[in-house]
S.K.: 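Mind having a look at this structure? Questions to follow.
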Amino acid sequence: YGRFGYDIFLANKDSSIAGGRILLISAPGENSSSGVVYPYAVTETLGTVSVQSFASYIVPSGISQSLAGTSITGNETGELIAISAPGVNNETGAVYVYSLNTSTYSLTQSVINAPEICKPGDKFGQKILMTKDGNYLFVTSTLVSTANVKPGKVFAYKWIDNQFILHQTLDNPTSEKEMNFGFNLTVDSLGQTLVVTGKGDSQGIDQFFESGTTFDGGNLNFVTQKNKTGSVYTYIRYNSKFILTEELFDLSKIGRAHV
């Protein structure tokens with residue numbers, strides 16, 4: 001199956017090159033799952049919306065099972081874009097960055113290969129996101145881990161000298177091995193606040209107090225339970241680094257007391 005529409009990106013502003021707002025639609029299952037991305041221009045005239053192909057379709061990898069187009073993103077005009085291919089190199093993953101010239105998207109740099117810490121099966125590029133100004137590109141892997149850090153990382157790249165350079169790595173901030181940190185993410189229009197989700201399990205914590213409590217003579221057991229509730233983490237950019245500021249989770253799922 002082609003999986004046309006697996007991911008989409010719609011630019012915030014018109015592109016003078018495309019003659020409208022750029023719309024990208026991915027089909028990571030096409031061409032033996034090598035993946036294809038289709039560019040369109042969206043225009044509106046007198047209340048009538050038109051969507052037309054304006055550039056050649058993009059085939060980032062051409063290698064079967066690359067799954068290019070699993071995630072796509074771009075700057076505010078869509079003239080600088082990134083396409084993830086988490087199936088590349090036995091699911092180690094890679095990201096392709098393109099710029100729009102006339103009616104053709106061209107690679108702006110060599111492929112962003114997964115950092116050395118990533119191994120086959122880690123699927124670097126499960127989710128990618130670019131700031132509107134094109135200065136930062138975030139790439140996630142919910143599976144990558146080290147001996148001391150649980151699975152999930154967000155790799156932050158900065159646009160320097162017409163290419164994205166790895167600038168910062170955000171580790172899974174919890175001790176939960178099934179948190180899936182980096183499952184999804186978003187960033188504000190100024191590129192100042194980054195929000196990252198972790199959708200997996202959290203472990204419950206029991207606090208048991210011995211029998212014979214002073215107020216009822218029975219057992220008192222506090223349970224903090226967060227199974228499969230997930231968490232959301234907010235980061236603020238200070239100078240050029242993103243600093244963790246807060247963890248958000250479903251308060252209705254924690255803090256039960258059993259007497």
Side-chain angles (χ1 to χ4, degrees), residues 7-26 35-43 54-61 68-86 88 93-115 124-141 153-170 182 184-196 234-243:
D7 198 20
I8 56 175
F9 165 79
L10 179 62
N12 295 98
K13 292 185 176 181
D14 284 354
S15 164
S16 58
I17 299 175
R21 293 172 67 190
I22 291 175
L23 170 67
L24 303 176
I25 302 178
S26 76
V36 177
V37 174
Y38 296 92
Y40 297 88
V42 180
T43 58
F54 78 93
S56 301
Y57 59 82
I58 307 166
V59 183
S61 168
T70 294
S71 186
I72 49 180
T73 187
N75 65 357
E76 63 182 359
T77 63
E79 293 175 3
L80 179 67
I81 67 170
I83 301 170
S84 79
V88 165
V95 174
Y96 299 81
V97 180
Y98 291 83
S99 59
L100 180 62
N101 299 300
T102 60
S103 60
T104 303
Y105 275 103
S106 303
L107 281 171
T108 62
Q109 64 184 91
S110 299
V111 177
I112 300 177
N113 290 308
F124 172 80
Q126 288 171 301
K127 187 71 177 179
I128 60 176
L129 180 67
M130 189 184 298
T131 55
K132 287 185 177 181
D133 58 12
N135 284 335
Y136 290 91
L137 174 66
F138 304 98
V139 183
T140 77
S141 167
K153 293 182 186 295
V154 176
F155 300 94
Y157 291 80
K158 191 173 182 180
W159 185 253
I160 300 174
D161 295 332
N162 293 318
Q163 61 181 330
F164 282 111
I165 303 296
L166 182 60
H167 182 65
Q168 184 181 2
T169 300
L170 305 179
N184 207 348
L185 71 169
T186 189
V187 68
D188 71 347
S189 60
L190 299 176
Q192 296 285 350
T193 302
L194 174 69
V195 182
V196 183
T234 60
Y235 295 80
I236 299 297
R237 179 158 61 89
Y238 180 74
N239 292 329
S240 64
K241 298 290 187 178
F242 288 86
I243 309 300

S.K.: Could you give the distance from CD1 (Ile72) to CG (Leu129), rounded to the nearest 0.5 Å?
M.R.: 12.0 Å
S.K.: Minimum heavy-atom separation for Ser189 to Lys132, with atom names?
M.R.: CB-NZ, 3.7 Å
S.K.: Does Ile8, at its CD1 atom, have more than 12 non-hydrogen atoms belonging to other residues, nucleotides or ligands within less than 6.0 Å?
M.R.: no
S.K.: To the nearest 0.5 Å, what is the distance between OG1 on Thr169 and CZ on Phe155?
M.R.: 5.5 Å
S.K.: Could you check whether any side-chain heavy atom of Asn101 comes within less than 4.5 Å of a side-chain heavy atom of Ser99, counting everything from C-beta outward?
M.R.: yes
S.K.: Output yes when a side-chain donor or acceptor of Ser71 lies under 3.5 Å from a complementary backbone atom of Ser84, and no otherwise.
M.R.: no
S.K.: Quick check for you: to the nearest 0.5 Å, what is the distance between Arg237 atom CZ and Leu190 atom CG?
M.R.: 8.5 Å
S.K.: Using side-chain heavy atoms (C-beta onward) and a distance below 4.5 Å, is Thr77 in contact with Leu100?
M.R.: no
S.K.: In Å, rounded to the nearest 0.5 Å, how long is the span from CD1 of Ile83 to CZ of Phe9?
M.R.: 11.0 Å
S.K.: Do side-chain atoms of Asp7 reach the backbone of Ser26 as a donor and acceptor pair under 3.5 angstrom?
M.R.: no
S.K.: Please step through side chain to side chain contact (heavy atoms under 4.5 Å, CB included) for the pair Tyr235 and Gln168, ending with a clear verdict.
M.R.: CA-CA 13 Å; Tyr235 295 80; Gln168 184 181 2; over 6 Å; no
S.K.: Could you walk me through whether Leu185 and Leu194 pass the side chain to side chain contact (heavy atoms under 4.5 Å, CB included) check?
M.R.: CA-CA 7 Å; Leu185 71 169; Leu194 174 69; 4.0 Å; yes
S.K.: So which heavy atom on Ser103 is nearest to which on Ala55, and how close?
M.R.: O-CB, 3.1 Å
S.K.: Over all heavy atoms of both residues, which pair between Ile17 and Thr102 is shortest? Give the atoms and the distance, please.
M.R.: CG2-O, 2.5 Å
S.K.: Are Val37 and Tyr96 close enough that some pair of their side-chain heavy atoms sits under 4.5 Å apart?
M.R.: no
S.K.: So how far is it from Gln163 CD to Thr108 OG1, rounded to the nearest 0.5 Å?
M.R.: 8.5 Å
S.K.: Within the side chain of Arg21, is there an N or O that forms a donor-acceptor pair under 3.5 Å with the backbone of Leu10?
M.R.: no
S.K.: Do Met130 and Leu137 come within less than 4.5 Å of each other through their side chains, counting heavy atoms only?
M.R.: yes
S.K.: Between Phe124 and Ile112, is the side chain to side chain contact (heavy atoms under 4.5 Å, CB included) condition met? List the steps.
M.R.: CA-CA 10 Å; Phe124 172 80; Ile112 300 177; 4.3 Å; yes
S.K.: Which heavy-atom pair separates Phe54 from Ala41 by the least distance, and what is that distance?
M.R.: CD2-N, 3.6 Å
S.K.: Compare every heavy atom of Trp159 with every heavy atom of Val97, then report the nearest pair and how far apart it is.
M.R.: CG1-CZ3, 4.5 Å
S.K.: Is the closest side-chain heavy-atom distance between Asn184 and Lys127 below 4.5 Å?
M.R.: yes
S.K.: Does the plane of the ring in Phe138 sit parallel, tilted or perpendicular to the ring in Phe242? Use 30° and 60° as the thresholds.
M.R.: perpendicular
S.K.: Heavy atoms only: give me the nearest Glu79-Ile22 pair and the separation to one decimal.
M.R.: N-CD1, 4.3 Å
S.K.: Go through Tyr136 and Ser240 one step at a time and tell me if the side chain to side chain contact (heavy atoms under 4.5 Å, CB included) criterion holds.
M.R.: CA-CA 10 Å; Tyr136 290 91; Ser240 64; 3.5 Å; yes
S.K.: Is the number of heavy atoms from other residues, nucleotides or ligands within 6.0 Å of NZ (Lys241) greater than 12?
M.R.: yes
S.K.: Starting at CD1 of Ile165, measure out to CD of Gln109 and round the result to the nearest 0.5 Å.
M.R.: 6.5 Å
